[in-house]
Amino acid sequence: MAGIDSKDIHKIIVACDAGMGSSVMLASQLRKQLKDSGVTVEHTPVSSIPDDADVVLCHAGLAARARAAAPGKVLVPFQIFLGDPAVTRLVNTIKNGGTVDA
Amino acid sequence: MRDDLLDPRAVLLHESAPDREAAIRLCGRVLVEVGAVAEPYVEAMLERERSISTYVGEGVAIPHGTNASKEDIKRDAICVVRFPGGVDWDGEQVVLCVGIAAREGGHVPLLASLAEILLDPDRAKALREATEVSQVMKELT
């Protein structure tokens, strides 16, 4: 699907298998970085990504499962749990405006 | 934070393990012994690790179970196990394991603190080199 404009991003989901480890850490960081932007950040298991998610972040190794579980969502895969360039780009796009590619 | 989330008995700072599997088994054992999880959770931690490494940077890994294994969790709990000699973690060197058992959100503030620590190289080094249980408790809670 096409990307999403930063002004249409209201909810970001950080998804991982169990939703109890790395996704929690990343979500806490994102929440802090985006606290003035009005964007909500939640962490969930890949199998329960909510319908109102605008962007889904997940580890590249889980991207296929996330795509199957939440078809049509903009998915941003990352490799490193803290400090991944893809996540930094997403934060900058939300803060400065622009499009997040699917 | 709930008092029983990080039990001082679940902080072991002078351990060694020949490999990643042994290190994870040790973390799982600690969680079993403090009454946080049932035995099968340990295997689920190994299964989870085989799918994607729980290495999070700065010599720290956060082993935990799979989504399906949440039924083996009796209460949210964290353990901290330090391996001063390091453990090969699929090519990374891990000195500190923060083992997690969580079916609710009680551990979220602790992981948020851990993320902050790991993004600050000096604090990460202090945590990796901590030799007193009280130091670790203070840093993380």
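The model shown is predicted, which means the values in this text are computed figures rather than measured ones.
Between the NE2 atom in A:His59 and the OG1 atom in B:Thr54 there is a gap of 10.5 Å [rounded to 0.5 Å].
Note on B:Val32: it clusters hydrophobically with B:Leu12, by side-chain heavy-atom contacts below 4.5 Å among ILVMFWY residues. Cluster annotation: A:Phe78 is connected to A:Val100 through the hydrophobic network of ILVMFWY side chains, with a link wherever side-chain heavy atoms come within less than 4.5 Å. Residues B:Val108 and B:Leu31 fall within the same hydrophobic cluster, defined by Ile, Leu, Val, Met, Phe, Trp and Tyr side chains chained together at heavy-atom separations under 4.5 Å. Residues A:Leu30 and A:Val24 share a single hydrophobic cluster, defined by chaining ILVMFWY side chains whose heavy atoms lie under 4.5 Å apart. Each of B:Val34 and B:Val133 belongs to its own hydrophobic cluster when Ile, Leu, Val, Met, Phe, Trp and Tyr are linked at side-chain heavy-atom distances under 4.5 angstrom.
Neither the backbone nor the side chain of B:Ser113 comes within less than 4.5 Å of any heavy atom of chain A. No part of A:Leu26 comes within reach of chain B, as not one of its non-hydrogen atoms sits under 4.5 angstrom from that chain. Residue B:Glu116 touches chain A through both its backbone and its side chain, counting heavy-atom pairs closer than 4.5 Å. If you measure heavy-atom distances from B:Ile52 to chain A, the contacts under 4.5 Å come from the side chain alone. Only the side chain of B:Arg48 comes within contact range of chain A, with heavy atoms under 4.5 Å apart.
Within 6.0 Å of NZ on A:Lys32 lie no more than 12 heavy atoms contributed by other residues, nucleotides or ligands.
Taking both residues in full, the closest heavy atoms of B:Tyr55 and A:Phe81 are given as O-CD1, 3.3 Å, listed atom of the first, atom of the second, then distance. Across all their heavy atoms, A:Ser28 and B:Ala115 have their closest contact at OG-CB, 4.1 Å.
Options A:Gly61, A:Cys16, A:Gly21, A:Gly19 differ in how many heavy-atom pairs under 4.5 Å they form with chain B, and the most are formed by A:Gly21. Contact count against chain B (heavy-atom pairs under 4.5 Å) is highest for A:Met25 among A:His43, A:Met25, A:Arg31.
Residues A:Met20 and B:Ile73 have side chains in contact (heavy-atom distance under 4.5 Å, counting atoms from C-beta outward). Looking only at side-chain heavy atoms (C-beta outward), B:Ser51 and A:Arg65 stay at 4.5 Å or farther from each other.
The backbone N or O of B:Asn67 lies less than 3.5 Å from a partner atom in the side chain of A:Asp17, making a donor-acceptor pair.
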